[in-house]
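Structure, as C-alpha cells:
Numbered from 1 within each chain, the chains take letters A, B, ... in sequence-line order. Note that the structure is predicted; figures quoted are calculated from it, not measured.
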Amino acid sequence: MPELPEVEQAARTLGEQIVGAHFDGTIRCSWLKTIEGHAPDVLGAQLVDVMVTGWRRRAKWILLPLANQLTMAAHLRMTGRFVVCGRDEADIPQQRVAFGLRDGREVRFVDQRKFGRIRLLTPPELHQLETAHGYEPFDDALTPTVFAGLLQPTKRIIKAVLLDQTVLAGIGNIYADEALWRAQIHPQLPANQVSSAQATVLLDAIQTVLRQALTNGGSTLRDYRDSYGAKGSQQDNFMAYDRTNQPCMRCGTLIVKTVVAQRGTHFCPQCQ
DNA sequence: AACGACACCTGGAGGC
DNA sequence: TGCCTCCAGGTGTCGT
C-alpha cells in the first residue's frame with residue numbers, strides 16, 4: 001500500500017496517539033518474521049518503561065525515537081498498519097505484534113500479507129538506514145538542477161529510477177505513474193533522455209502529486225488505513241493509476257496499462 | 001550496471 | 001456455488 005503520503009499519515013496518526021507514552025516491555029507476537037526473527041522477550045527487554053519521544057518518517061519507514069536512544073523503525077510494505085487500542089480489546093484479524101504501553105493500551109501491528117517489518121535500531125543502524133536512501137522529495141537541497149543531475153548519468157528507464165529508493169525516497173508505483181502523467185513523460189523514456197526542462201517539470205509534478213496526496217490523507221485502494229483506521233481519499237484524484245481504458249483527462253485517449261520495471265504501469269500513449 | 005525472475009504472503013476479483 | 005488463475009500500494013536476492 002503505502003508510499004510517502006500514506007506512510008507520513010500513518011506515522012503522524014500513530015505519533016499523535018503514543019508520543020509521550022511509555023512501552024512497558026510486554027510483547028505478544030504471532031508472526032516472528034515481523035520482528036525479523038528476534039525473540040520477543042529480547043525485544044521487550046529493551047522497551048521496559050521506555051518513552052516514545054517523537055515520530056518522523058524517512059523514505060517509507062516510520063521512525064519512533066525512544067528515550068533510551070534506540071529508534072523503533074517500522075516498514076508497512078504492502079498491507080501493514082498500526083492500531084492503538086486497549087490491552088483488553090480482542091485481537092484483530094491479521095494482527096502480528098502487540099506492544100504493551102504502561103497506560104494500559106497496546107500498539108498493535110496488523111499486516112495481512114506479513115511483509116511488514118519492525119526493528120529496534122541503534123544509532124549506527126539508524127544512520128545506516130538514513131544513508132541507504134536517497135533524497136526526500138521535499139528536501140530543499142533537491143533543486144531542479146540536482147534532480148536533473150540524478151537522471152543524467154543513467155540510461156535506466158525513468159520509471160525505474162523514480163522507484164529506486166536510493167535515488168529518491170518515498171515514491172512508489174502509484175505516484176510514479178501519477179507524476180509521469182502530469183509531466184507528460186513516457187514511463188520507459190531513458191532517464192538520460194529527460195531534458196533539464198522536463199526534469200524541472202517532473203520534480204514539480206512529483207511534489208504536487210505528493211502534496212495533494214498528503215492533504216487527502218493518502219490513497220486507499222483496498223487495505224490502507226491510517227493509525228486511527230481512516231481511509232485516504234487521494235484515489236479519487238488519480239489521473240493515470242488504476243484508470244485503464246478510461247479517457248485521459250488531458251486528451252481523451254484511453255489510458256493504457258502495461259508492465260514497466262516489473263510493475264503495472266498506467267499512462268496515456270498519446271500525451272506521454 | 002541493469003534487468004528479469006522469483007521469493008516473501010494473503011485474499012479479493014473475475015473467468016469458467 | 002466452487003474452483004482456478006491472476007493480481008496487488010514493496011523490496012531483497014540471485015542469475016544472466
Side-chain angles (χ1 to χ4, degrees), chain A residues 1-11 30-37 57-62 73-82 92-97 109-119 128-129 132-134 137 150-181 187-193 206 209-210 212-214 216-226 230-245 257-266:
Chain A
M1 63 161 160
E3 305 180 28
L4 183 153
E6 293 78 24
V7 177
E8 180 88 11
Q9 175 79 4
S30 55
W31 187 255
L32 276 179
K33 283 187 179 177
T34 301
I35 51 175
E36 309 205 311
R57 177 198 56 75
R58 169 69 170 128
K60 297 172 189 169
W61 286 88
I62 293 171
H75 199 299
L76 306 175
R77 291 287 178 95
M78 300 288 268
T79 55
R81 64 189 168 97
F82 279 101
I92 298 161
Q94 301 151 359
Q95 177 182 315
R96 309 303 177 197
V97 198
F109 186 71
V110 179
D111 184 20
Q112 180 199 115
R113 291 177 70 182
K114 300 180 174 175
F115 292 161
R117 295 292 181 263
I118 298 177
R119 309 158 56 187
Q128 204 280 329
L129 181 146
H133 292 91
L150 296 174
L151 305 184
Q152 188 276 327
T154 178
K155 293 189 287 191
R156 301 168 68 193
I157 59 176
I158 184 65
K159 177 159 177 177
V161 175
L162 294 185
L163 292 175
D164 185 341
Q165 302 298 299
T166 71
V167 177
L168 271 190
I171 297 174
N173 202 36
I174 291 178
Y175 300 114
D177 281 5
E178 291 296 301
L180 289 168
W181 181 88
Q188 287 179 291
L189 184 68
N192 63 358
Q193 289 178 33
I206 290 166
V209 162
L210 293 177
Q212 187 183 35
L214 284 162
N216 289 320
S219 304
T220 295
L221 289 165
R222 166 180 279 173
D223 306 294
Y224 171 73
R225 300 291 186 279
D226 71 19
K231 299 181 182 183
S233 65
Q234 179 62 16
Q235 65 279 6
D236 299 336
N237 299 310
F238 287 168
M239 298 290 159
Y241 188 84
D242 206 27
R243 296 197 66 248
T244 311
N245 289 328
K257 180 177 181 184
T258 58
V259 175
V260 174
Q262 283 93 253
R263 313 296 300 278
T265 296
H266 313 71

## Note on the structure
By nearest-nucleotide position on DNA chain B, the 5'-leaning member of Arg222(A) and Ile157(A) is Ile157(A)

Given [N], is OP1 or OP2 found less than 4.0 Å from the side-chain N or O atoms of [X]?
| X | N | result |
| --- | --- | --- |
| Gln94(A) | dT10(B) | no |
| Arg263(A) | dG10(C) | yes |
| Arg117(A) | dC8(B) | no |
| Thr79(A) | dT10(B) | no |
| Lys257(A) | dA8(C) | yes |
| Lys60(A) | dG10(C) | yes |
| Arg156(A) | dC3(B) | yes |
| His75(A) | dT11(C) | yes |
| Gln262(A) | dG4(B) | yes |

#### Entry: Gln165(A) side-chain proximity, nearest of dT11(C), dT10(B), dG9(C)
dT11(C)

Could you tell me how far apart [X] ([atom1]) and [N] ([atom2]) are, to the nearest whole angstrom?
| X | N | atom1 | atom2 | result |
| --- | --- | --- | --- | --- |
| Gln112(A) | dA13(B) | CD | P | 11 Å |
| Arg77(A) | dT10(B) | CZ | P | 15 Å |
| Phe238(A) | dG9(C) | CZ | C1' | 9 Å |
| Glu6(A) | dA8(C) | CD | C1' | 14 Å |
| Lys231(A) | dG9(C) | NZ | C1' | 15 Å |
| Glu36(A) | dG12(C) | CD | C1' | 12 Å |
| Met78(A) | dG9(C) | CE | P | 5 Å |
| Ile174(A) | dG9(C) | CD1 | P | 7 Å |

### Query
In whole Å, what separates the C1' atom of dC3(B) from that of dG9(C)?
22 Å

### Query
Using atom P of each nucleotide, how far apart are dC3(C) and dC9(B) to the nearest Å?
25 Å

### Message
What I want to check is whether the side chains of Tyr175(A) and Ser219(A) have a donor and an acceptor closer together than 3.5 Å.
### Response
yes

### Message
Could you tell me if Lys257(A) and Asn245(A) have a donor-acceptor pair between their side chains, going purely by distance under 3.5 Å?
### Response
no

### Task
Check each of Asn192(A), Leu151(A), Val260(A) against Ile158(A) using the side chain to side chain contact (heavy atoms under 4.5 Å, CB included) test, and report the only one that passes.
Leu151(A)

### Message
Strictly distance-based, threshold 3.5 Å: is any side-chain N or O of Arg96(A) a donor or acceptor partner for the main-chain N or O of Leu32(A)?
### Response
no

### Query
Looking only at atom types and distance, does a side-chain atom of Gln112(A) sit under 3.5 Å from a main-chain N or O of Gly80(A), one as donor and one as acceptor?
no

### Message
Return the pairing partner of dC9(B) with a 3.5 Å limit on both distances, Watson-Crick or G-U wobble; otherwise return none.
### Response
none

### Task
Tell me the partner of dG9(C), counting only Watson-Crick (N1-N3 plus N6-O4 or O6-N4) or G-U wobble (N1-O2 and O6-N3) with both under 3.5 Å; none if nothing fits.
none

### Nearest-0.5 Å distance, NZ of residue Lys60(A) to CG of residue Leu4(A)
9.0 Å

### Message
Taking any heavy-atom pair under 4.0 Å as a contact, classify Tyr241(A): base, sugar-phosphate, or nothing.
### Response
sugar-phosphate

### Message
Counting the atoms with a prime plus P, OP1 and OP2 as sugar-phosphate, which does Trp61(A) contact under 4.0 Å by heavy atoms, base, sugar-phosphate, or nothing?
### Response
nothing

### Message
Using a 5.5 Å cut-off between ring centres and planes within 30 degrees, is Phe115(A) stacked on the base of dG10(C)?
### Response
yes

